[in-house]
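The structure appears right after this line, and notes come after that.
Below, read A as the first sequence line, B as the second, and so on, with proteins coming before strands; counting in each chain starts at 1.
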Protein chains: 2
Amino acid sequence: MGRIEYKQYDRFLLAVDCIIFGFDGSGLKALLVKRGLEPEAGKWSLMGGFAQQNESIDDAAARILLNLTGLDKIYMEQLYCFGDLDRDPGGRVVSIAYFALIKIDASDNDKLEEHQAKWIDLKKLPPLVFDHKRMIKLAKERLQQKVSNHPVGFELLPHKFTLQQLQALYEAIFERSFDKRNFTRKILSLGILQRLDEKEKASSKKGAFYYVFDKKKYKQLESEGIQMI
Amino acid sequence: MGRIEYKQYDRFLLAVDCIIFGFDGSGLKALLVKRGLEPEAGKWSLMGGFAQQNESIDDAAARILLNLTGLDKIYMEQLYCFGDLDRDPGGRVVSIAYFALIKIDASDNDKLEEHQAKWIDLKKLPPLVFDHKRMIKLAKERLQQKVSNHPVGFELLPHKFTLQQLQALYEAIFERSFDKRNFTRKILSLGILQRLDEKEKASSKKGAFYYVFDKKKYKQLESEGIQMI
DNA sequence: AAAATTAAGTGTATTATCAACATTTAATAT
DNA sequence: ATATTAAATGTTGATAATACACTTAATTTT
C-alpha cells in the first residue's frame with residue numbers, strides 16, 4: 001500500500017486562477033494583472049499560479065490571493081475546473097478557478113503595483129489571455145446566484161455603509177435597477193442590518209444613515225440561505 | 001513559445017469520479033462499483049478513472065461513464081474539484097467529480113456486471129472509499145438546486161410517464177412530499193408536458209394518463225430556467 | 001431669516017404566488 | 001349492480017411581489 005500505485009497514469013500541470021471581485025460604489029470590478037509569464041506575457045490576465053504538491057488546491061488559491069493582495073481570511077469559493085485541451089497555448093494546463101470577494105481598498109497597494117494589477121469594471125473588460133473572459137463570465141453568474149440566496153454585502157462593502165450603497169451593489173451585480181422602497185423594505189426585513197446614529201453627508205444635504213451588518217444574524221443567514229431576488 | 005514553458009512546476013494525477021443518478025420509481029439511486037484498484041480494492045466506490053493528456057476533462061468524464069454504462073450523450077455536469085492533500089491514501093490525486101442523470105434501465109447490464117456495479121438507494125449508502133460519500137452528498141445538493149430551477153425529469157424518467165411518477169421523482173430528490181393538486185397544477189402550468197391518450201393501468205383501476213415531455217419547450221426552459229420549488 | 005435645493009425616507013393598493021384542504025370520477029373486480 | 005381503487009380536479013385564505021409619489025431633514029442661497 002502507499003504512494004506507488006498510480007505511477008503509470010498521466011500527470012498534469014494544475015493552475016489556479018482567481019476572479020477577485022470588488023465594488024467601489026459604482027461598478028462591479030475585477031482585479032486583473034499584467035501576465036508575467038510567457039506565453040502571452042504582458043497581456044491582461046486573472047491572477048493565477050501553479051498548484052504545488054505540498055498544498056491543497058484551496059490552499060493554493062489562498063496563497064495566490066495573498067500573494068497579490070496581501071489579504072488572507074478572504075471569502076473565496078471554488079468556481080469551476082477548466083480542462084479543455086487547448087485552453088493554454090503554453091501547454092496542457094488544467095485550471096481550477098476560484099472567485100473571491102474583497103473590500104476594494106483593503107488590499108496592499110505595493111503588491112498590486114508589483115503585479116501591475118488594476119481594478120477593472122466588468123463592463124469594460126480588455127482582451128484577456130486564454131479562457132479568462134469565460135471564467136469571469138461564469139464567476140459573475142455564480143455571484144448573482146450566490147447573492148440571490150445568501151447575504152453577501154459584508155465582503156464587498158466597507159464596515160459602515162448606507163442603504164443606497166448597498167442597493168448600488170446589488171444593482172451592479174444584477175445589472176438592473178431596484179425600486180428603492182421595495183429594496184429597503186426587503187433588506188431591512190432580513191434583520192441583518194443595524195442602523196448607526198451617524199450619517200453619511202457627502203452626497204446629500206439631509207445625509208443618509210450608516211448601517212453595519214449584525215454579524216451573528218448575518219452568519220446565520222449565510223448558512224441558512226435567504227430569498228433575496 | 002509553445003509547449004516548453006512550464007517544465008518546472010509540479011504535476012498531478014487527475015482522477016475523474018462520476019456520481020451517476022438514476023430513479024426507479026421509488027428511491028433516488030446512485031450507481032456504485034466495486035473498486036478494482038489498490039488501495040481499497042473491492043470496496044464500494046464511485047465509478048472513476050484517471051484523466052489522460054489527450055482528452056479534455058469533460059471527455060474523460062464521458063469516457064468513464066461510457067465505459068461503465070455503455071451510454072453516451074448523457075446529461076452530465078461538472079460538480080466540483082476535490083483537491084485535499086490526503087483524500088486518496090494511494091497518492092496525491094486531485095479528483096474532478098461529475099454528476100450524470102440516466103434512465104436507470106438504459107444501461108448495458110453486461111458492462112455493469114463487469115464492474116460489479118449496483119444501483120444503490122441514496123438513503124442506504126454503504127461505506128465508500130476516500131471522500132466519495134462527501135461527493136455524493138454535494139452532488140445531491142446540486143441536483144436539488146438544479147431541479148429547483150430547471151426541468152430535469154426528462155433525463156431520469158422513461159419516455160412516457162405518469163404525473164405520479166414525476167411527483168415521486170421530485171419527492172425522492174427533495175426527500176419531502178408534495179401536495180398532489182399543487183404539484184400537478186404547477187408542473188402543468190410550465191407547459192412542458194403533453195398528455196397522451198394512453199393510460200398506465202398497472203397500479204390502479206382507473207388508470208393514470210401517460211405524459212411525454214414537449215422537447216422544444218423543455219429545452220427552452222432548460223436554458224431559461226424556471227421556478228419549480 | 002426665508003426660500004430653495006437636494007437626496008433621504010417612507011406607505012398603500014394591487015397583483016401574483018403559495019399553501020392548505022376533500023370530493024368526484026373512471027375503470028375494473030366482485 | 002355494487003364495491004373498490006387510485007386518478008383527477010377547484011376554492012379559499014395567506015403571503016409575498018410589484019408598482020407607484022409625496023414628505024422630511026439638512027444645507028445652501030438669497
For this session: Not counting sequence neighbours, which residues clear side-chain hydrogen bond (donor to acceptor under 3.5 Å, both in side chains) with A/E198? List them please.
Result: A/K160
Problem set entry | Any pair counted as ring-ring contact (aromatic ring centres under 6.0 Å, His included), so long as it reaches residues 129-149 of chain B, sequence neighbours left out | B/F130-B/H132
How many whole angstroms separate atom [atom1] of [X] from atom [atom2] of [N]?
X      : N      : atom1 : atom2 : result
B/Q167 : D/dA8  : CD    : P     : 11 Å
A/E200 : D/dT27 : CD    : C1'   : 14 Å
A/R176 : D/dA19 : CZ    : C1'   : 13 Å

Seminar exercise, completed: For residues 15-26 of chain A, the side chain to side chain donor-acceptor pair (under 3.5 Å) pairs (sequence neighbours left out) are A/D17-A/S95, A/D24-A/S26, A/D24-A/K29
Problem set entry | Summary of salt bridge (charged side-chain N to carboxylate O under 4.0 Å, His left out) pairs that have at least one residue in residues 57-81 of chain A, sequence neighbours excluded | A/E55-A/R63, A/E77-A/K146
Problem set entry | Contacting residues from residues 220-229 of chain B, given that a heavy atom lies under 4.0 angstrom of DNA chain D | none
For this session: May I ask you to list the residues of residues 201-211 of chain B, by number, that have any heavy atom positioned under 4.0 Å from an atom of DNA chain D?
Result: B/S203, B/S204, B/K205, B/K206, B/G207, B/A208, B/F209
Exercise. Can you tell me if A/S203 and A/E200 form a side-chain donor-acceptor pair at under 3.5 Å?
Worked result: yes
Exercise. Using a cut-off of 4.0 Å on non-hydrogen atoms, how would the nucleic acid contact of A/K180 be classed: base, sugar-phosphate, or nothing?
Worked result: base
Problem set entry | Close approaches to DNA chain C from residues 181-195 of chain A, in residue order (heavy atom, under 4.0 Å) | A/R181, A/R185
Exercise. Can B/R181 and B/D179 be counted as an ion pair, charged N to O under 4.0 angstrom?
Worked result: yes
Exercise. Under the ring-ring contact (aromatic ring centres under 6.0 Å, His included) test, which residues partner A/Y210, sequence neighbours left out?
Worked result: none
Exercise. Among all residues two or more places apart in sequence or in another chain, which pass the ring-ring contact (aromatic ring centres under 6.0 Å, His included) test with A/Y170?
Worked result: A/F183
Exercise. Are A/F82 and A/Y80 close enough that their ring centres sit under 6.0 Å apart?
Worked result: yes
Problem set entry | Whether B/F154 and B/F213 hold their rings parallel, tilted or perpendicular, with breakpoints at 30° and 60° | perpendicular
Problem set entry | Side-chain heavy atoms of A/L163 within contact of A/Y211, under 4.5 Å | yes
Exercise. Under a criterion of less than 4.0 angstrom to any heavy atom of chain B, what are the 5'-terminal and 3'-terminal contacting nucleotides of DNA chain C?
Worked result: C/dC18 to C/dA29
Problem set entry | Residues forming a salt bridge (Lys or Arg N to Asp or Glu O under 4.0 Å) with B/K201, sequence neighbours excluded | none
Problem set entry | salt bridge (Lys or Arg N to Asp or Glu O under 4.0 Å) against B/E171, all qualifying residues, sequence neighbours excluded | none
